[in-house]
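The block underneath contains the structure these notes are about, expressed in structure tokens.
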Amino acid sequence: MSTHAPKGVGHLRGDRPFPAAAKVALADPQLRRNLQHATTTIRGKSGRVIAELPDWQELRSAGSALKAYTMANLPRLLEQLEERVTAAGGVVHWAADAEEANRIVTELVAATGEKRVIKVKSMATQEIGLNEALEGAGITPVETDLAELIVQLGHDKPSHILVPAIHRNRSEIREIFLREMPGVDPALTDDPPELAGAARRYLRETFLSTKVAVSGANFGVAETGTLAVVESEGNGRMCLTLPDTLITVMGIEKVVPAWQDLEVFLQLLPRASTGERMNPYTSMWTGVTPGDGPQNFHLVLLDNGRTAVLADEVGRSALHCIRCSACLNVCPVYERTGGHAYGSVYPGPIGAVLSPQLTGVEDNASLPYASSLCGACFDACPVKIDIPSILVHLRNQAPHPRSEKTAMAAAAYTMDHPKLYERAQRAAKAAKLLGRRGRGLPPPLNGWAASRDLPEPPAETFRDWWRGR
Amino acid sequence: MRIALFATCLADTMFPAAAKATVQLLERLGHEVVFPPEQTCCGQMHVNTGYQKEALPLVRRYVRTFEPCDVVVAPSGSCVGSIRHQHATVARQAGQEGLAARAEAVAERTYELSELLIDVLKIEDVGAYYPHRVTYHPTCHSLRVLRVGDRPLRLLRQVRGLDLVELPQAEQCCGFGGTFAVKNADTSTAMLADKMRHVLDTGADVCTAGDASCLMHIGGGLSRLRTGVRTVHLAEILASTEATA
Ligand code: SF4
């Protein structure tokens, strides 16, 4: 039985529809400039390193084909992964949803008797609201990715998959550190190396004194039972090697069939996401190794709505996503509204198709419409997810407002009856007298006319002209 | 050649100049244009707003109307994009395999204007004269759905008297997106503001494109700001000659 991600836990649903949430960001010129600058920079960098690869399109096709194969064979591959992880000394847990995953992780941590865990940046644990669950059980989670730490200390929400604090500038970061970071030097300036130094000092102490780590996984190799995390700062590697116990929460779609498949994804991911040729840190581990690294390893395989996505023939390709965030960086809507407007940990174009599928479309009904269907995301996606087509597909499933439904049905009926259609064309001319170039139109059309003049209906339609020649 | 015109509901009703220009241009080039009067709308607005079921009769109407024609042209990259990439899907989702196959066949013979001129009629210099400073906005659907590439620019470069100026960040969406401009009016306005800034930066008197819908959006904004910059459909520029100027 496939069910959607449960309500009341995790971060997949916003508290208001997209247009209302977007208004806040649109009214903030500083935020608009921060976002425009950041996305333009990443876009340029990524474009340059992608252009270096003559076989980029073939790589994209290979990535897409591997993902399609994986989805078609998911149960078998997951069982193989479980078997290999277990054989290598790890313990595998299956979590149907956010509540179950949170309970499993919380109990595992409680069993160690520890009161603090360090965390590798992970979308899956944000999705299920693990930090809140741990805090509720008296356990302190410490994010170790720099941007994630800024978000955590700022009691804020991430607004980008890869650069969660993209909406913050450095003077805001300085204030957050001064206010929230234990043991910070009060003379701290907003110079980036100084800010990084303060975070490093704080994190080093935490790494060396914490015995349990929680991570996500970019890939899980079914063939070998190997888990992989890629990152830029090295904090992830510290978390993955220093503690006694490591708990990894992985979305079930992150499995790849074979070790060799990593060749494709480890090329696609860094170039599409950060514009790097390879990730500075690629950490891989297989079960436990006596005397080396964590001695207890747990893998939590998370569904939380994914099998419901898998059941949709068109929508399922959203599960191919490798979370590179390229689609966010090229999206003209994301660039203006930022990530918070999407109300979910998955913002931008991929969020607009993934979140409503994980929660059920009714719970995120405004998200499939948060796109002009310009298609830039499809061109940018390293695994060729046709996001615009999925958006249209989801719009077809979304609940429609009654008045819109009536108007759309009437318009379609008119369009299918050329006589009526011509009468409507003449009515449009008459509306010229009423509408005054769009001002004074009823909602929602007045939203359009607030910033744009509607054209004057012409004296003669094309078909009138054609008839008269 | 005998070419059927799909005027599109928007050009037929609001921007007849674009459809008229298409006729005049093709006739000037020695072709015969026919206008099947049963045509109305390609149904894109319905499909893209989530009303596939309602779009089905419009897909059927399009297929029925243009099935007898060898070549169809429309002055809209967006509508041709929908015909090529959505019509068969709409039919298939409704379980109408037969209609889907027919839709695919008609779509293959349906061209956007710059495609028709360059790929089918094999002509780049259409003998136009248009003495203005012009910038070209490659609309998203022409650019990424149809992949018309530089075809419109190649046509514009041959127009006598025309001073073609490059649009900065040309490939960014103008923010129209059909009902997006209504449902997300504030975001759409922000996107439009940037597009207008780039148009004004070029110093052009005219902004052109292959889509009346995007031009309506950009033109509506430029008009509201009283910028004096006009939007003119690509077909109108290509149809202009010394005699009409
Ligand atoms: S949808 Fe594609 S582009 Fe967007 S984050 Fe996922 S993999 Fe990257």
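Just so it is clear: chains get the letters A, B, ... in the order the sequence lines come, proteins before strands, and each one is counted from 1. Not measured: the values here are computed from a predicted model.
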Tell me, for [X] versus chain B, whether the close heavy atoms (under 4.5 Å) come from the side chain, the backbone, both or neither.
{"X": "A:V314", "result": "side chain"}
{"X": "A:Y421", "result": "side chain"}
{"X": "A:R463", "result": "both"}
{"X": "A:A424", "result": "neither"}

Would you say [X] and [Y] make side-chain contact, with heavy atoms under 4.5 Å?
{"X": "B:V23", "Y": "B:F35", "result": "no"}
{"X": "B:I3", "Y": "B:E32", "result": "no"}
{"X": "A:F18", "Y": "A:V333", "result": "yes"}
{"X": "A:R395", "Y": "A:S371", "result": "yes"}

Is it the backbone or the side chain of [X] that comes under 4.5 Å from a heavy atom of chain A, or both, or neither?
{"X": "B:Q52", "value": "both"}
{"X": "B:L192", "value": "side chain"}
{"X": "B:V145", "value": "neither"}
{"X": "B:Q93", "value": "side chain"}
{"X": "B:A7", "value": "side chain"}

Pairing of [X] and [Y] as salt bridge, 4.0 angstrom limit:
{"X": "B:E27", "Y": "A:R469", "value": "yes"}
{"X": "A:D379", "Y": "A:R60", "value": "no"}
{"X": "B:R102", "Y": "B:E67", "value": "yes"}
{"X": "A:D453", "Y": "B:R226", "value": "yes"}

Tell me, out of [options], who's got the most heavy-atom pairs with chain A below 4.5 Å.
{"options": "B:P57, B:G175, B:G219", "result": "B:P57"}
{"options": "B:R147, B:R60, B:K53, B:E38", "result": "B:R147"}
{"options": "B:N48, B:L143, B:T89", "result": "B:N48"}
{"options": "B:L5, B:D194, B:I218, B:L225", "result": "B:D194"}

Reference residue A:N329; test side-chain hydrogen bond (donor to acceptor under 3.5 Å, both in side chains); the match among A:K45, A:E335, A:H160: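 When A:K45, A:E335, A:H160 are each tested with A:N329, the side-chain hydrogen bond (donor to acceptor under 3.5 Å, both in side chains) holds only for A:H160.
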If contact means a heavy atom pair closer than 4.5 Å, which residues of residues 79-88 of chain B contact chain A? B:Q86
A:R452 and B:H217 side chains, donor-acceptor separation under 3.5 Å: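 Checked: B:H217/A:R452 side chains pair up, N/O donor to acceptor below 3.5 Å.
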So that I know where these two stand, are B:F15 and A:F462 an aromatic pair - ring centroids less than 6.0 Å apart? no
Looking at A:E313, I want to see if its CD is surrounded by more than 12 non-hydrogen atoms of other residues, nucleotides or ligands under 6.0 Å. no
